[in-house]
Amino acid sequence: MLQPSNLLGSLLNYAVSTQSSLLGRAVHAQIIKTLYNPLPSFLCNYLVNMYSKLDHFNSALCVLSLTDARTVVTWTSLISGCVQNGRSAAALLCFSNMRRESIQPNDFTFPCVFKASASLHMPFTGKQVHALAVKAGQICDVFVGCSAFDMYSKLGLRVEAHKMFDEMPEKNIATWNAYISNAVLDNRSQDAFDTFKKLLCVGGEPNSITFCAFLNACSHTKNLDFGRQLHAFIIRSGYGENVSVSNGLIDFYGKCQDLFSAEMVFDRIIWRNDVSWCSMLASFVQNNNEERACLVFQQARKEGVEPTDFMVSCVLSACAELGGLELGRSLHALAVKACVEQNIFVGSALVDLYGKCGSIVDAEQVFNEMPERNLITWNAMISGYAHQGDADLALALFGEMTSSKPEMAPSYVTLVSVLSACSRAGAVETGMRIFESMRESYGIEAGAEHYACIVDLLGRSGLVERAYQFIEKMPIPPTISVWGALLGACKMYRKPEIGKIAADNLFKLDPQDSGNHVVLSNMLAAAGRWEEANLVRKEMKDVGIKKGVGYSWMTVTNRVHIFQAKKNNVHERNDEIQAMLSKLRKEMKEAGYAPDTNLSLFDLEEEEKDLEVWYHSEKIALAFGLIALPPGVPIRITKNLRICGDCHSAIKFISRIVCREIIVRDNNRFHCFKDGKCSCKDYW
DNA sequence: GTAGGGTTAG
C-alpha cells in the first residue's frame, strides 16, 4: 500500500505531467496542513520539481530556500525546470549557487547545464562546465557525453564536437539522434544520411526521434524517393501510428510538394495533436494553396483545437497571401484572446499581413507595440513600406535598423525590399548607390531578385537602354523577373525594339505565360507595327497559349464575392451593379474622364474598346463595393492580374467622385486611391 | 525523487 507521503509525491508528479498548477498548489497546501516538520527531504524535492517544471520559478526557489535538507536532487530539479522553460540564465545562476554550497553536480545536473550554456551561446562557460564534468568523472556517462556533444554542435564548435563524439566510451540511440539532428541543423544532409546508414549497420534501432530528425534531412534535400522508402521502413518498424513521426512525414511530403501523401498521412492519424494540424496547414501554405490552409484551420477550430502561436502565425501567412484583411483582423483578435500576440512569430506575421494588405497604419502599430523584434520583423515592416511605394519611410527604417541595431545585419531579403522601395518611388541614385555597396557594406552578394529590382528601377525611370545594358553585364543568368521588368519598362516607354528582345527571352524561359505575348503584341500594335503584332497573336494561337482570365474579388461580411471581366450577369445583385456602373460612367464623363484603350486592345473598333475596358473585373467589383458597403468605408479589391491603365485612371476619378478610399491589390503591388490620386504616383 | 536526442511558423 502507498504511504500517505508517497501518495503526495505521486500526486505532485501527476500535476507536472498534466501541467496542472492548481493540483500542485492544492497538494502543497495539504502538505503544510499535515505539518510535516521538518519537511522530509524527498517531499521538498517533489515540490521544487513541480513548481520549477510548471514555470513557477519563485515558488520553487522559495521551497528550496526554506529547507536545510536540500541535496543535489533538489538543486537539479530546480535547474532542469529553468532550462525547460527557457530560463537558461537563471539555471546557470542556480548552478553556481549550488556549487557555493559545496554540493557536487551529478550525472543529471550536467546535461541541464550544458543545455543552458548552448542556448545562451556561451562557449566559454560550456567549456568550463565540461572541465568540471571531466574532473567529477562524469563525462564518461552516456547522457553527460551526449549533451556535451550536443552543446558543442549547437555552439558551432565542430572540432570539439567531433572529438567528443569520437571519444565517447558508450553510445546509445540518443547519441546517434543528437548526431543526426545536428548534422541537419548544420546543413550537412549527406552526413545525416551516412550516419543513419551506419546506425542501421551497427544494429542500432532507430526510434521516433531518429525518424523525426532524419525526415528533416529528407525535407531539406527534397529527396522524395528516399523519403518514400523511409516511410515504408517507418511502418515496418512499427512507428506508422506514432503522432510525432506522422507529423514529420506530413512536413516532409509538404516540402516535397506531394500534398496527396501529406493529406493521406494526416487523415490516418488517430490522435492528432496541434503540431499535426499545424504541419498540414503549413504544407498547404507552402504549396500556394492558401484556401485549403484556411479550411484546415476552420476544421481544427471546429474540432476544438486551441490555437497556438505556431498555428496563428501559419494562418496569418495564408491570409497575407490571399490579401484577406478581414480574416486577418479576426485572427489578430483571436491571437489576443489566445495570449499569443506577443509571440515574435505572430507579431512578425501580423506586420507582414497588414503590410501586404495595404493597411500600413495597423502594420506600424503592431510593429511599435511588439516587445521584441528580430530581423524578420524589420524586414516585414520595410517591405510593407515598399509595397506601399513609400521609399522615404522604407529607407528611414532601413537606416534606423543599420545604425541603431548593429547586431542585426540586413539580409538578402532586406535589400530586396529596400531596392524595390527605391524602384517604386523612382529613387534611382539612392537605389544604385545601395546596390553597388551591398557586398562591401553588408557582405551580401547580389542575387537575381536584386538585379531585377535594379532593372525595374532604371526601366521605370525611362532609362530603358541603360537597363538593357545592365542586364547584358550581369554575372548571373537573367531570370524571368529580370526580363519581365525590362518588358514592363518597354511597354511604359514604348520601346518595341528592346521589348522584343525582352519578350523573346521571356518566351524561352516561360513559354506558357500568356501575359508576355499580350504585352508584346500590344506594344507592337501601339507602334503601328500591325503585322508583327498579329504574328505574335498567331504564334500564341498556334502554340495553344490562352490569355489568362482576369478576376477581382472582395470580402463583404465574411463572404467572398468574385467578379470576372465581361461576365457581369452572374451576381445576384447584378441589376444594382449595372445601374451603379451607368451612373458612374455618366459622372466620370462629366468630370473629364476618357477611356484609355491605347495599349490594351488593338483589334477592336473605338466603341467596342470603350465597352471592353468598361467591363474589366475590378470596375464591376468596385461598383458592387459601392452598393454593398456603407458610405465612407474603404473598399478593398484584390485582382489576380496587373491593373490596366484605364482602370487605374478610372478608379482615380471614382475615388474623388464618391469620396472614398479604394484599395486595389493586384498581383504586383498595392494601389491606394484617395481623392483622385493613387499612392503609386502613376508609376507601376 | 532529478536527465539526453525530435516534429510545426514569420
Side-chain angles (χ1 to χ4, degrees), chain A residues 6 9-10 12-13 16 40-50 52-53 71-81 83-84 105-115 138 141-151 153 171-182 184-185 206-216 219 242-252 254-255 273-283 285-286 308-318 320 340 343-353 373-377 379-380 413:
Chain A
N6 284 349
S10 304
L12 285 170
N13 270 357
V16 173
S41 155
F42 78 96
L43 264 188
C44 160
N45 294 344
Y46 274 119
L47 277 171
V48 171
N49 186 48
M50 182 273 293
S52 181
K53 295 282 151 57
T71 64
V72 59
V73 177
T74 331
W75 279 105
T76 305
S77 300
L78 180 67
I79 294 168
S80 75
V83 178
Q84 278 178 25
N106 67 8
D107 50 338
F108 282 63
T109 324
F110 282 115
C112 302
V113 186
F114 282 136
K115 202 173 180 178
Q138 297 283 4
D141 179 83
V142 63
F143 284 129
V144 176
C146 178
S147 40
F149 164 75
D150 188 58
M151 173 191 73
S153 304
K171 290 184 179 70
N172 64 10
I173 188 64
T175 325
W176 290 98
N177 291 345
Y179 192 93
I180 293 173
S181 60
N182 280 299
V184 179
L185 280 176
N207 62 11
S208 64
I209 290 172
T210 325
F211 288 128
C212 283
F214 193 58
L215 276 168
N216 236 350
S219 313
N242 181 288
V243 64
S244 297
V245 176
S246 301
N247 296 345
L249 279 165
I250 295 171
D251 177 60
F252 159 73
K255 293 218 165 80
N273 61 18
D274 55 334
V275 180
S276 320
W277 287 97
C278 237
S279 306
M280 193 64 246
L281 220 156
S283 293
V285 177
Q286 281 154 10
T308 59
D309 43 4
F310 267 91
M311 202 177 283
V312 173
S313 71
C314 253
V315 197
L316 279 172
S317 69
V340 297
N343 175 282
I344 194 156
F345 280 86
V346 173
S348 305
L350 280 169
V351 174
D352 186 54
L353 167 93
R373 308 180 191 109
N374 63 13
L375 181 64
I376 309 290
T377 328
N379 282 355
V413 178

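Chain identifiers are assigned alphabetically (A, B, ...) following the order of the sequence lines, protein sequences preceding nucleic acid strands; residue numbering begins at 1 within each chain. Here the structure is a predicted model, which means the values were calculated and not measured.
Counting any heavy atom pair closer than 4.0 Å across all strands shown, A/Ile173 reaches a base atom. Residue contacts shown for A/Lys171 are absent, as no nucleic acid heavy atom lies under 4.0 Å away. Among the protein residues, A/Ile344 comes within range of the nucleic acid bases, having at least one heavy atom under 4.0 Å from a base atom. Heavy atoms of A/Tyr46 sit under 4.0 angstrom from primed sugar atoms or phosphate atoms, though from no base atom. If you check every strand for non-hydrogen atoms under 4.0 Å, A/Thr109 touches nothing.
OP1 or OP2 of B/dG6 has not a single side-chain nitrogen or oxygen of A/Asn182 nearer than 4.0 Å. Contact annotation: A/Gln84 side-chain N/O to B/dA3 OP1/OP2 distance is under 4.0 Å. When the side-chain nitrogen and oxygen atoms of A/Ser80 are compared with OP1 and OP2 of B/dA3, one or more of them lie within a distance under 4.0 Å. Residue A/Lys115 places at least one side-chain N or O under 4.0 Å from the OP1 or OP2 atom of B/dG5. The phosphate of B/dT7 has neither OP1 nor OP2 within less than 4.0 Å of any side-chain N or O from A/Lys255. The side chain of A/Asn273 contributes no N or O atom lying less than 4.0 Å from OP1 or OP2 of B/dT8. Dashed line: the shortest gap from a side-chain N or O of A/Gln286 to OP1 or OP2 of B/dA9 is under 4.0 Å. Of the side-chain N and O atoms in A/Asn216, one or more sit less than 4.0 angstrom from OP1 or OP2 of B/dT7. Between A/Ser181 and B/dG6, a side-chain N or O to OP1/OP2 separation shorter than 4.0 Å is present.
Aromatic stacking of A/Phe143 on B/dA3: not satisfied for centres closer than 5.5 Å together with planes under 30 degrees. By the stacking rule of 5.5 Å between ring centres and under 30° between planes, A/Phe108 stacks on the base of B/dA3.
Minimum interatomic distance between A/Ser276 and A/Asn247 (heavy atoms only, all atoms of both residues): OG-OD1, 2.8 Å. The minimum heavy-atom distance linking A/Ala318 with A/Val285 is given by the pair CB-CG2, 3.9 Å.
Separating the CE atom of A/Met280 from the P atom of B/dA9 is a distance of 12 Å, rounded to the nearest angstrom. In this structure, CG of A/Asn242 is placed 10 Å from C1' of B/dT7, rounded to the nearest angstrom. Note: CG (A/Leu78) to P (B/dA3) measures 12 Å, nearest angstrom. As a whole-Å value, the separation of A/Gln138 CD from B/dG4 P is 15 Å. Rounded to whole Å, atom C1' of B/dT8 lies 10 Å from atom CG of A/Leu281. Rounded to whole Å, the distance from CG on A/Leu316 to C1' on B/dG10 is 9 Å. Whole-Å rounding puts the A/Asp107 CG to B/dT2 P distance at 13 Å. Across the protein-nucleic acid pair, A/Leu185 atom CG and B/dG5 atom C1' stand 11 Å apart, rounded to whole Å.
Out of B/dT7, B/dT2, B/dG5, the shortest distance to the side chain of A/Ala178 is found at B/dG5. When distances run from any side-chain atom of A/Asn207 to the nucleotides B/dT2, B/dG5, B/dT8, the shortest one goes to B/dG5. Closest to the side chain of A/Thr377, out of B/dG5, B/dT8, B/dG10, is B/dG10. If you check B/dA3, B/dG10, B/dT8 against the side chain of A/Asp251, the one that comes closest is B/dT8. The side chain of A/Ala213 sits closest to B/dG6 out of B/dT8, B/dA3, B/dG6. Here B/dT2 is the nucleotide among B/dG4, B/dG10, B/dT2 with the atom lying nearest to any side-chain atom of A/Val73. Considering only the side chain of A/Cys212, B/dG6 comes nearest among B/dG6, B/dG10, B/dG5.
A/Asn379 contributes no side-chain N or O that forms a donor-acceptor pair with the base of B/dG10 under 3.5 Å. Between the base of B/dG6 and the side chain of A/Asn247 there is no donor-acceptor pair shorter than 3.5 Å.
Under 3.5 Å, the side chains of A/Asp150 and A/Ser147 contain no donor-acceptor pair of N or O atoms. Checked by atom type, the side-chain pair A/Lys115/A/Ser80 shows no donor-acceptor distance below 3.5 Å.
Although no hydrogens or angles enter the test, the distance criterion places no donor-acceptor pair under 3.5 Å between the side chain of A/Asp309 and the main chain of A/Val312.
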Check step by step if side-chain hydrogen bond (donor to acceptor under 3.5 Å, both in side chains) holds for A/Thr109 and A/Asn106. CA-CA 5 Å; A/Thr109 324; A/Asn106 67 8; 2.8 Å; yes

Yes or no on side chain to side chain contact (heavy atoms under 4.5 Å, CB included) for A/Ser52 and A/Ser77, after CA distance, side-chain angles and deciding distance? CA-CA 7 Å; A/Ser52 181; A/Ser77 300; 5.8 Å; no

